[in-house]
Amino acid sequence: MGKTSAVIRLGYVHLRVTDLEEARNHYSNTLGMEVVHEEPGKLWLKCWDEWDHHSLVLTEGGVGLAKFGYKVEDDDALADFERRAQQFGATTSRFSAGENLKVGGGVRITMPSEHTLELYTDIEFTGTDTGAINPEAWPRHVRGVGTHWIDHALISVEDPALTERFMTECLDFRPAERAIESIEHPNLIGSWMSCGESPHDLAFIKGPNNKIHHFAYHLEDWGAILKAGDIFSMDDVPIDIGPTRHGITRGTTIYFFDPSGNRNEVFAGLGYRVHKDFPTINWTADQLAKGIFYHARELNEAFTTVFT
């Protein structure tokens, strides 16, 4: 296309939870999201520094990822991505405006990994809690962790190489970092892919199809990560790993679970910017534990086996 990818960013995550009131308490009180709309069995939430109407939809019944959506620049890009996904062999369909609350029409794609990916151009713009005219640095009424925005998702896929090829050829994502077996045998284990300048807008690792490993919230810095860890202890949130640093992306992190067992992450530190000429970084399997948990250099069983 000769320009930055027309996929802009992760826009929303639709998540299934076993108990809606427990989930409300976790995402609203502990993490600090605002409930912006609710219907029987369903909640829509947003973070204080997000422009859009919502970024998280919780539906009662089961666990795991129902679907996720990425915002794209315009209708031409939408049609182009739809055509390329069809040529790749993916199943696509159109959804109409309003089918997702406050979201315009778009394209629904079943990825090679069986995940449901939605692309859209319009969502109601409601603004951040600090506004766009002479804004304060942060809102005084922030609750709990005070998550800034939903940043990325990491899904599990049976065929990482096929998924990477799909994201590259159909949606113009670029692999910033890869996990491979070895330099001599570069079979793909995982990929951290960018659609802009962030180290990862979507990542995936080898595992069962149509499952999510985690989705992540951006926080300001290491101090905010430590404070989040304190709040998780206060609120009896099960922590999986952290606070620590990633080798991959260089971000600082805590992984933890919502009351239904869906894994969340709080994440700070961009690490680096992914320009068009950014060379892909490779991590070999024998150093992957250091790549994922830079300090401890070991993977716990839950981290590598728990998906929802």
Side-chain angles (χ1 to χ4, degrees), residues 10 13 15-35 43 45-50 54-58 60 63-65 129 138-155 200 203 205 211-271 289 292-308:
L10 176 64
V13 172
L15 197 69
R16 291 182 287 262
V17 295
T18 52
D19 185 302
L20 198 62
E21 289 312 304
E22 285 184 351
R24 181 202 301 265
N25 182 56
H26 173 80
Y27 288 100
S28 180
N29 292 326
T30 298
L31 294 185
M33 299 187 80
E34 198 67 43
V35 176
L43 296 176
L45 303 97
K46 71 176 292 183
C47 299
W48 70 262
D49 209 13
E50 291 175 328
H54 63 271
S55 61
L56 180 64
V57 180
L58 302 175
E60 193 165 54
V63 295
L65 180 70
D129 283 11
W138 44 271
R140 294 280 288 267
H141 60 266
V142 167
R143 291 186 306 280
V145 173
T147 52
H148 290 219
W149 60 78
I150 284 182
D151 185 80
H152 66 268
L154 192 153
I155 57 177
H200 55 340
I205 55 174
K211 298 286 186 181
I212 189 168
H213 184 272
H214 72 271
F215 66 96
Y217 294 89
H218 175 85
L219 293 182
E220 190 165 5
D221 54 23
W222 176 238
I225 295 286
L226 293 179
K227 181 184 174 187
D230 294 343
I231 292 168
F232 297 153
S233 282
M234 293 176 192
D235 289 358
D236 294 322
V237 173
I239 289 177
D240 187 8
I241 290 285
T244 187
R245 178 192 285 280
H246 291 304
I248 297 170
T249 77
R250 302 181 193 153
T252 53
T253 178
I254 302 174
Y255 289 98
F256 54 101
F257 293 101
D258 77 4
S260 302
N262 296 303
R263 188 188 282 102
N264 306 152
E265 180 191 16
V266 287
F267 176 88
L270 194 58
I292 295 174
F293 298 124
Y294 188 66
H295 298 151
R297 302 185 299 282
E298 60 185 39
L299 297 171
N300 71 358
E301 187 183 359
F303 193 80
T304 54
T305 59
V306 174
F307 303 94
T308 58

Partner residues of Arg250 under the salt bridge (Lys or Arg N to Asp or Glu O under 4.0 Å) criterion, sequence neighbours left out: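 Arg250: no salt bridge (Lys or Arg N to Asp or Glu O under 4.0 Å) contacts found.
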
With sequence neighbours excluded, residues passing salt bridge (Lys or Arg N to Asp or Glu O under 4.0 Å) with Asp240: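 Partners of Asp240 under the salt bridge (Lys or Arg N to Asp or Glu O under 4.0 Å) test: Arg263.
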
What pairs with [X] under ring pair (Phe, Tyr, Trp, His ring centres under 6.0 Å), at least two apart in sequence or on another chain?
X: Tyr294; answer: none
X: His246; answer: Tyr255
X: Phe293; answer: Phe303

Just wondering, do Phe215 and Leu15 contact through their side chains at under 4.5 Å, heavy atoms?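 Touching, per the 4.5 Å side-chain cut-off.
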
Would you please indicate if the ring centroids of Phe267 and His200 are separated by under 6.0 Å?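 Yes.
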
Quick one: do Arg143 and Glu34 make a salt bridge, cutoff under 4.0 Å?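 Result for this pair is yes, salt bridge flagged.
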
Going by salt bridge (Lys or Arg N to Asp or Glu O under 4.0 Å), name the pairs with one or both residues in residues 18-29, residues two or more places apart or in two chains.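 Qualifying pairs: Glu21-Arg24, Arg24-Glu38.
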
Side chains of Glu265 and His152, donor plus acceptor under 3.5 Å: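 Present: a donor and an acceptor within the cut-off.
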
For [X], give me all partners under side-chain contact (heavy atoms from CB on, under 4.5 Å), at least two apart in sequence or on another chain.
X: Ala289; answer: Leu299
X: Val237; answer: His26, Thr30, Phe232, Asp235, Phe256
X: Ser260; answer: Val17, Thr18, Val63, Asp258, Asn262
X: Pro139; answer: Trp48, Asp129, Thr130, His141, Val142

Can you list every pair that meets side chain to side chain donor-acceptor pair (under 3.5 Å) and has a residue in residues 215-227, with sequence neighbours left out?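 Those involving residues 215-227 do not exist here.
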
When rounded to the nearest 0.5 angstrom, what is the spacing between NE2 in His295 and CD1 in Ile241?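 Nearest 0.5 Å value for the NE2-CD1 distance: 12.5 Å.
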
All side-chain hydrogen bond (donor to acceptor under 3.5 Å, both in side chains) counterparts of Thr252, not counting sequence neighbours: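 Per chain and number, Thr252 pairs via side-chain hydrogen bond (donor to acceptor under 3.5 Å, both in side chains) with no residue.
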
Output yes when a side-chain donor or acceptor of Glu60 lies under 3.5 Å from a complementary backbone atom of Leu20, and no otherwise.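 Flag set: sc Glu60 to bb Leu20 pair under 3.5 Å.
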
